[in-house]
Amino acid sequence: MSGKYKPKYTRMAQIKTASDLTTYLKTNGVDLAFDETLLPPDESPFGRPIQLKSGKTIGNSLCILPMEGWDGTLDGKPTDFTRKRWLKFAESGAKLLFGCEAVAVCHEGKANPNQLVINADTIGELTKLRLLILDKHREQFGRTDDLVIGLQLTHSGRFCKPNSHKKFESQILYSHPYLNQKFGMNAEYPTLTDEDIDGIIQKYVDAAVLAQQAGFDFVDIKHCHGYLGHEFLSAVNRAGNYGGSFENRTRFLQTIVAGIRQSAPGLEMGIRLSAFDLLPFKKGLNDVGEPELTDAYPYAFGGQQTGLDIDLNEPKAFLDLAQSLGIQLICITGGSPYYNPHLMRPALFPPSDGYLPPEDPLLGVKRQIDVTSELKKAFPALVIIGSGYSYLQEWLPNVAQYVLRNGMADSVGFGRMVLSYPTMPADMIAGRSLVRNHICRTFSDCTTAPRNGLVSGCYPLDPLYKKLPEAEQLKAIKESL
Ligand SMILES: Cc1cc2nc3c(=O)[nH]c(=O)nc-3n(C[C@H](O)[C@H](O)[C@H](O)COP(=O)(O)O)c2cc1C
């Protein structure tokens, strides 16, 4: 949105004391619990290790969420921008890197022309990226045996843009009443055949074999944000082997897991799951987001049939299945950045393809915390990571401490915050005061930039991006909106 936009909600930076926050939450009907004071490092849950069934230990309870930068080469290899971002993950002090960033299992499955790809030609570079993390982390924290690094494997499905930032080359599982139209497909746009899907599954297995050779501790079989894995879960009206019943809709996961067990024995797996979804949102009156109008909406996995509320019955069945397949690491997120971004990335300032917040962003934070907590309660043996905390800003540690102390998640994930303030986890663990001028203020430039074909990064706060010519371009784009 334009630079002239005046947010309707109080900025978090203006909430100075715990009592101000309590008053704000009460006045605005946000039932979000937090600890008023932070515990000293030896009592804090931030430094609590997590023991995995594999025998490996995650050294603390903070996690870096996968964050891509739209900055790879056109043949899917990392650039200096990519390396600098991965170094941030390494110096964060978080001991779990849940996937690092989305890496496509094939060229056609890329979400943008600059997404990383995993194949025989790129694996050498991906191996070096992991070693870069290990060296930096060892230099900062003295050890890496308690650092667990995953690689997120993706196929972008409906949101494939492998060759041009401006052109979707979607690979869809079913015709969607709103999303086909919104992303330029008519109702007859062809869907992937079961044989196409079998081929994509093989690409995941091949990718996992390479990831294991590169030394990654696990692969994340991504099931979130509207990408292919997630779309299977809502393919309720698809015929054939991969749609309709719950069993068919999870066959993609089951077949990939079986293939990986056979071809890459010993490799751990995790899943990033959009555990809830709602209707697609659009710009309504005064550019404020509002849901599409409909009587029935069967396509929200983890949503009621109205598409307006959450229903965790199927996500629970999914986690039950994941557990029975021997998967322990689950990272919870929700919705999709393409059709209801406020669910996954609560923000005061929307990206250029978004809408003004339809609710206090703190309600978005709370929704993810509540869903994560309910799933953790139902699956105590799973290691469950929460997302969507960056909007809390100064108050992130206080809410995170409450969540971890009360067993509402095993680990707290950092997304946008790691781009502006990479060492926030290390500061929290050491009990240091936060560096206020590094705190992410959710301006969404990290999304507006790539939506307009520019590399992603923290343009407002990271000196690397502030100085780029792209910063001027971004300013001009925002002013033109
Ligand atoms: C610039 C950017 C890149 C992202 N890249 C990925 C990605 O590659 N894979 C993924 O699962 N989520 C991705 N996400 C979502 C984040 O991992 C995270 O869920 C989201 O930002 C909410 O967490 P936060 O409040 O800490 O930012 C991305 C988000 C942003 C803003």
Side-chain angles (χ1 to χ4, degrees), residues 12 62-72 81-82 85-86 88-89 92 94 97-104 110-112 114-116 150-156 159 219-230 270-275 330-338 341-351 353-354 361-362 364-369 371-372 385-393 395-396 399-400 411-422 424-425 439-451 454-459 462 465:
M12 293 304 286
L62 301 181
C63 166
I64 299 301
L65 302 172
M67 295 295 288
E68 62 179 314
W70 290 255
D71 51 19
F81 284 120
T82 324
R85 186 172 54 264
W86 284 49
K88 286 183 169 150
F89 304 160
S92 71
L97 309 185
F98 200 98
C100 297
E101 71 178 276
V103 176
K110 292 202 284 187
N112 68 83
N114 300 96
Q115 188 164 51
L116 300 185
L151 190 70
Q152 183 175 65
L153 301 183
T154 192
H155 184 295
S156 307
F159 302 109
V219 287
D220 163 18
I221 307 167
K222 184 175 189 175
H223 275 70
C224 62
H225 302 161
Y227 296 114
L228 190 69
H230 186 210
I271 301 175
R272 190 146 205 237
L273 175 67
S274 276
I330 303 287
C331 183
I332 301 297
T333 173
S336 163
Y338 295 94
H342 71 288
L343 296 186
M344 66 169 283
R345 295 183 308 231
L348 203 54
F349 302 90
D353 63 340
L362 282 172
V365 174
K366 179 183 154 46
R367 187 181 293 112
Q368 292 199 51
I369 289 177
V371 165
T372 306
I385 299 108
S387 308
Y389 286 74
S390 291
Y391 182 75
L392 292 164
Q393 304 166 46
W395 297 100
L396 189 160
V399 175
S411 180
V412 165
F414 291 70
R416 289 162 293 178
M417 193 64 83
V418 78
L419 302 181
S420 67
Y421 185 177
M424 189 186 211
I439 293 178
C440 167
R441 300 298 179 194
T442 68
F443 287 117
S444 291
D445 284 9
C446 54
T447 303
T448 295
R451 291 289 184 263
L454 308 175
V455 291
S456 172
C458 184
Y459 287 86
D462 184 338
Y465 293 87

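Atoms within each ligand, like the ligands themselves, are counted from 1 in listed order. Values reported hereafter were calculated over all heavy atoms of this structure, with side chains retained and with hydrogens, waters and symmetry mates removed. In this text, all values refer to a predicted model and were calculated from it rather than measured experimentally.
For the pair F414 and S92, the minimum side-chain heavy-atom distance is 4.5 Å or more. At least one side-chain heavy atom of S156 sits under 4.5 Å from a side-chain heavy atom of Q115. Residues I385 and T372 have side chains not in contact (no heavy-atom distance under 4.5 Å, counting atoms from C-beta outward). In this structure, the side chains of L419 and Y465 stay at 4.5 Å or more apart for every pair of heavy atoms. Y389 is listed as a side-chain neighbour of I369, based on a closest heavy-atom distance under 4.5 Å. T442 places a side-chain heavy atom less than 4.5 Å from the side chain of Q393.
Close approach of ligand 1 to K222 (heavy-atom distance below 4.0 Å) involves ligand atoms 9 (N), 10 (C), 11 (O). For ligand 1, the atoms lying closer than 4.0 Å to a non-hydrogen atom of Y389 are 25 (O), 26 (O). Residue-ligand proximity, C446 to ligand 1, at heavy-atom distances under 4.0 Å covers atoms 1 (C), 31 (C). With ligand atoms numbered from 1 in the order given, ligand 1 contributes 24 (P), 26 (O), 27 (O) to contacts under 4.0 Å with heavy atoms of G415.
The N/O atoms of Q152, backbone and side chain alike, include one that comes under 3.5 Å of an N/O atom in ligand 1. Considering backbone and side-chain atoms together, E68 places an N or O closer than 3.5 Å to an N or O of ligand 1. Checked against a 3.5 angstrom limit, the closest N/O atoms of L65 and ligand 1 fall outside it. An N or O contact shorter than 3.5 Å links R416 to ligand 1 by distance. Checked by distance only, ligand 1 and G413 stay at 3.5 Å or farther apart across all their nitrogen or oxygen atoms.
Looking at residues two or more places apart in sequence or on another chain, you find a side-chain contact (heavy atoms from CB on, under 4.5 Å) between S387 and L65, R272, C331, T333, Q368. Evaluation of the side-chain contact (heavy atoms from CB on, under 4.5 Å) rule for S456 yields W70, C446, P450 as partners, not counting sequence neighbours.
Y227 and H225 have perpendicular rings, their planes meeting at more than 60° on a 0 to 90° scale where under 30° would count as parallel.
Annotation: atom 23 (O) of ligand 1 to nearest protein heavy atom, G388 N, 3.3 Å. Closest to atom 8 (O) of ligand 1, if we only count protein heavy atoms, is A102 N, 3.1 Å. For atom 24 (P) of ligand 1, the nearest protein heavy atom (residue, atom name, distance) is S390 OG, 3.3 Å. Here the protein heavy atom with the shortest distance to atom 6 (C) of ligand 1 is P66 O, 3.0 Å. Protein heavy atom closest to atom 15 (C) of ligand 1, with residue, atom name and distance, is M344 CE, 3.3 Å.
Relative to atom 19 (O) of ligand 1, the option among R272, H223, M67, H225 with the closest non-hydrogen atom is R272. Nearest-heavy-atom check against atom 20 (C) of ligand 1 across R345, M417, R85, E101 picks out R345.
Contacts with ligand 1 closer than 4.0 Å are made by no heavy atom of F98, backbone or side chain. Contacts of S456 with ligand 1, taken as heavy-atom pairs under 4.0 Å, involve the side chain alone.
Closest approach of C63 to F98, counting heavy atoms only: SG-CB, 3.7 Å.
Taking the centre and axis of the six-membered ring of F159, the NZ or CZ atom of R451 falls outside the cone set by 45° and 6.0 Å.
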